[in-house]
Amino acid sequence: MTKQQIIDTFDPSQPGLADATVFGLPFSAEQSEIIVVPVPWEVTVSYGAGASEGPEAIMDASFQVDLNHQEFPELWKLGIYMDEAPAHWAKNSHKFKGLAQPIIEALEAGEDVSAFPALQSDLDKINKACAVMNEEVKERILYWMNQGKKVALLGGDHSTPLGYYQALATKYDNFGILHLDAHMDLRIAYEGFTYSHASIMYNALQIPQISKIVQVGIRDFCEQEAEVALKDRVLVHTDMDLKQEAFEGKTWEAQCDQIIASLPEKVCVSFDIDGMYPWYCPNTGTPVPGGFSFEQAAYLLSRLAETNKEIIGFDLVEVAPGDDDWDGNVGARMLFHMCGVLAKSQKLNVGKKIKFNR
């Protein structure tokens, strides 16, 4: 069937199709406007684990998301397709994560890893494997971009989007990152891992095409990160500063407008789920008290999509499932909203917001 025939015969009010793609949608990759590339990877995690299982948890939970999004009621008709990650990504994540743990334990014990040839050798192997993974992510992103698709990345830990940013840098000569997170992620080769999850924004700064990083919700950082932020092209809105402004009467609307005004014309959104209050993401790897609500994040992103800024892509990372499906549920709903924001910014037809109070 053609895409229009599928739209005409599909009932979005019914449960998602069990054999369908993400959100139970009936479209093929070729028929979908948005491709989500999952990256089940968490080699360098140093606290909580499980982010590599995030894409699967979000996929499973997505079938419970109603397609009639109040803000983007026609979004589902565009088609959102979940790509299939190469099997060796998850396999290598498990393998090299196992090699990383003794290195982390040695560092926590105050040891110098370079004094232990076996550990140093494993560290070198890990850094090489992460570099290879980044290149493979870049190639996968470009594969879909070159087919005219709007592409998003779904982690995995926060190290996973580096190849995504590198792919965007081949298409855009100047763009910024709107970074929602509890952490700055500006550590330099944290724990010796060049591509640590805690180093993603520092590594992003090494891409010349990224002209600015605007961070929102930050509430945990080290001295080294503060130094990088103060001297480089990073603008930080800490949770403390945002809350103080709010307590003194500044509205979230005004804060969002200030954040958005500081971004360059083209923007990639990087959303670490731990930027939100921990009750939204209790099993994420490094939860921190404080943060913003789901609604605040959605409002900021929607407001960004309504401006003359162009959202060129996004990543959603650090969703880690627990004993129930809550984390996956929150992640799936944020993913759906972010797809709507991306589509709206790209001038695709997402329909008019449904207003119940006239």
Side-chain angles (χ1 to χ4, degrees), residues 42-48 51 104 107 130 134 153 155-166 168 175-245 255-256 258-260 262-264 267-278 280-281 284-292 296-297 300-301 304 314-320:
E42 57 167 343
V43 169
T44 64
V45 293
S46 50
Y47 191 55
I104 295 171
L107 289 169
C130 290
N134 290 332
L153 182 142
D157 72 23
H158 211 160
S159 72
T160 53
L162 185 60
Y164 180 47
Y165 303 152
Q166 292 169 342
L168 290 173
F175 67 96
I177 296 177
L178 175 59
H179 175 209
L180 285 69
D181 202 327
H183 310 87
M184 287 184 176
D185 290 344
L186 290 171
R187 294 175 184 264
I188 303 172
Y190 183 53
E191 298 181 322
F193 302 115
T194 303
Y195 304 104
S196 169
H197 64 98
S199 303
I200 180 61
M201 291 302 152
Y202 178 81
N203 290 332
L205 287 171
Q206 311 315 306
I207 301 174
Q209 292 85 348
I210 296 177
S211 57
K212 196 170 189 179
I213 297 176
V214 178
Q215 303 187 321
V216 180
I218 306 301
R219 49 197 189 273
D220 208 12
F221 55 89
C222 71
E223 182 178 355
Q224 181 186 69
E225 290 176 296
E227 291 174 353
V228 172
L230 288 170
K231 72 180 181 181
D232 219 320
R233 52 195 192 277
V234 183
L235 179 60
V236 183
H237 297 273
T238 66
D239 191 53
M240 177 180 290
D241 290 343
L242 289 170
K243 294 290 173 52
Q244 180 175 338
E245 289 177 350
Q255 290 177 323
C256 288
Q258 180 182 2
I259 291 165
I260 292 168
S262 66
L263 289 163
V267 182
C268 176
V269 178
S270 182
F271 197 142
D272 185 325
I273 206 75
D274 71 24
M276 292 195 290
Y277 290 114
Y280 289 106
C281 49
T284 192
T286 47
V288 184
F292 43 80
Q296 283 179 298
L300 170 60
L301 298 178
L304 173 61
F314 70 82
D315 61 82
L316 177 62
V317 299
E318 297 287 356
V319 175

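Just so it is clear, the values below take in all heavy atoms, side chains as well, and ignore hydrogens, waters and symmetry mates.
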Hey, are the side chains of V234 and M184 touching, using non-hydrogen atoms and a 4.5 Å cut-off?
no
Closest approach of I104 to V45 (non-hydrogen atoms, all atoms of both residues):
CD1-O, 3.5 Å
Applying side chain to side chain donor-acceptor pair (under 3.5 Å) to T44 and not counting sequence neighbours gives none
A182: partners by side-chain contact (heavy atoms from CB on, under 4.5 Å), with sequence neighbours left out:
R219, D274, V288
Taking salt bridge (charged side-chain N to carboxylate O under 4.0 Å, His left out) as the test, write out the residues that go with D220, two or more places apart.
none
Of the non-hydrogen atoms in V214 and S262, which two are nearest, and what is the gap between them?
CG2-OG, 3.6 Å
Test of understanding: with ring-ring contact (aromatic ring centres under 6.0 Å, His included), list the residues that count as partners of Y277, not counting sequence neighbours.
W279
Go through the structure and list residues passing side chain to side chain donor-acceptor pair (under 3.5 Å) with Y165, not counting sequence neighbours.
S270, D315
Would you please name every residue forming a side chain to side chain donor-acceptor pair (under 3.5 Å) with Q209, sequence neighbours left out?
none
Who are the salt bridge (charged side-chain N to carboxylate O under 4.0 Å, His left out) partners of R187, not counting sequence neighbours?
E225
Expected output: side-chain Y164 to main-chain F314 donor-acceptor under 3.5 Å
yes
Who pairs with E227 by side chain to side chain donor-acceptor pair (under 3.5 Å), at least two apart in sequence or on another chain?
none
Indicate yes or no: at least one non-hydrogen side-chain atom of I260 is less than 4.5 angstrom from one of L300.
yes
Show your working on side chain to side chain donor-acceptor pair (under 3.5 Å) between E318 and H158 and close with a plain yes or no.
CA-CA 6 Å; E318 297 287 356; H158 211 160; 5.4 Å; no
